[in-house]
Amino acid sequence: MKLHVGGMRLIVLCLLLLPAVVGAAAPSIGRVSQISGDRLGNAQTPGGPVRQLAAGDPVFAGERIRTGAGTVLQIEFTDKARFTLGPNAEFEVAHYSFAPGRSEEEAFHSRIIKGAFRFVTGLIARKERKSMQVGVVVATIGIRGTHVEGEVTERQEKGGVVVDASAKVALLEPEGADKDSAITVENRFGSVVIDKPGYGTEIPDAKSPPSPVKRMQLRTIDNLQRAIRSPARTGGPARRP
């Protein structure tokens, strides 16, 4: 009887440890290629422990990536796509599948929860535009091989007034050999296609369509670029990546 009880306990323990073993065995989808400023970034799966990030660390699907107030972090994915996150940003990859030679199985679905961002697409988007989507809380960005930056502001209270979430998105000059550069920004209220570098759209809240495509003011683009440059450190000892 004691042997039976002991065996049951061992089975229960194995079942409890199984999710952790499976999670540990999951392949990484990319790595932290750069982290600057205060170098405070972390990753967390839903309900899991917080994992501090340093340059060279792997990134996994399902994790939410957060940056500190003085940190800029860049992730390079296995398909060569690059995402740069500014200070106080949150980002997650809901689904990622890179299968060279089997493009019908490839997908890259991610979401910017808040903060300034820039991304340069990789092989997944270049093969099939529908395979890559980037959500920005109030809209979704559909991609062809391209270079994009923008900013997402989360819903918040300012001075006793609730300010809805909003986003702005701008198309930049393509990098490298990319020629076919364009994005579709859409939500259930409308859709716009941006195919000229320097042009973009704004979504003022969750109940409005993307604004008509317009040339973005240089000040707007400069502000976005400034937010994702290496920030000045806010004090304290340097942390080694």
Side-chain angles (χ1 to χ4, degrees), residues 26-30 43 45-46 59-66 73-86 89-100 102-154 165-172 174-175 178 180-197 199-211 213 224 228:
S28 66
I29 61 174
T45 55
V59 173
F60 300 90
E63 289 186 313
R64 179 165 295 195
I65 311 297
R66 299 179 177 89
L73 181 147
Q74 184 181 93
I75 302 168
E76 182 170 328
F77 292 88
T78 56
D79 80 326
K80 304 304 181 183
R82 299 195 310 275
F83 272 74
T84 303
L85 307 175
E90 291 190 24
F91 167 73
E92 65 183 12
V93 179
H95 180 60
Y96 183 93
S97 176
F98 179 47
R102 301 194 305 277
S103 59
E104 70 279 359
E105 299 178 16
E106 295 181 340
F108 190 162
H109 297 167
S110 61
R111 188 163 70 106
I112 307 289
I113 293 93
K114 67 173 182 176
F117 65 91
R118 175 194 297 150
F119 66 82
V120 179
T121 53
L123 297 175
I124 292 176
R126 291 170 193 165
K127 293 175 185 176
E128 177 56 61
R129 182 174 65 86
K130 295 180 181 178
S131 296
M132 184 171 182
Q133 293 183 347
V134 180
V136 289
V137 180
V138 290
T140 299
I141 306 172
I143 312 293
R144 280 201 301 268
T146 197
H147 185 188
V148 178
E149 69 181 15
E151 185 173 26
V152 176
T153 303
E154 63 180 345
S166 63
K168 57 173 70 82
V169 180
L171 183 67
L172 303 182
E175 286 196 356
D178 286 338
D180 187 17
S181 183
I183 55 176
T184 301
V185 181
E186 60 185 344
N187 59 22
R188 62 194 182 99
F189 301 103
S191 173
V192 297
V193 175
I194 306 169
D195 57 8
K196 293 181 180 179
Y199 284 72
T201 184
E202 298 186 32
I203 307 95
D205 54 57
K207 297 179 181 179
S208 298
S211 70
V213 176
L224 290 174
I228 50 182

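Evaluation of the ring-ring contact (aromatic ring centres under 6.0 Å, His included) test over residues 118-144, restricted to residues two or more places apart or in two chains, returns Phe83-Phe119.
Salt bridge status for Arg66 with Glu90: present, with a side-chain N to carboxylate O gap under 4.0 Å.
For Arg118, the salt bridge (charged side-chain N to carboxylate O under 4.0 Å, His left out) partners at least two apart in sequence or on another chain are Glu149. Glu63 meets the side chain to side chain donor-acceptor pair (under 3.5 Å) test with Arg51; sequence neighbours excluded. Thr184 is linked by a side chain to side chain donor-acceptor pair (under 3.5 Å) to nothing, counting only residues two or more places apart in sequence or in another chain. Judged as a salt bridge (charged side-chain N to carboxylate O under 4.0 Å, His left out), and not counting sequence neighbours, the contacts of Glu92 are Arg64, Arg111. Shown here are the side-chain contact (heavy atoms from CB on, under 4.5 Å) partners of Ala139, two or more places apart in sequence or in another chain: Val136, Val185, Asn187, Ile203.
Shown here for Ser110 and Phe91, the closest heavy-atom pair between the two residues is CB-CE1, 3.6 Å. A pairwise comparison of heavy atoms in Ala165 and Val137 identifies CB-CG1, 3.9 Å as the closest pair. Minimum interatomic distance between Val169 and Ile194 (heavy atoms only, all atoms of both residues): O-CD1, 4.4 Å. Glu106 approaches Ser131 most closely through the heavy-atom pair O-OG, 3.4 Å.
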Q) Yes or no on side-chain contact (heavy atoms from CB on, under 4.5 Å) for Ile112 and Val134, after CA distance, side-chain angles and deciding distance? A) CA-CA 7 Å; Ile112 307 289; Val134 180; 4.1 Å; yes

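Residues Phe108 and Phe77 bring their aromatic ring centres within 6.0 Å.
Using modelled atom types and a 3.5 Å distance limit, the side chains of Glu186 and Thr140 yield no donor-acceptor pair.
Remark: side-chain polar atoms of Asp79 are not paired, donor with acceptor, to backbone N or O of Phe98 under 3.5 angstrom.
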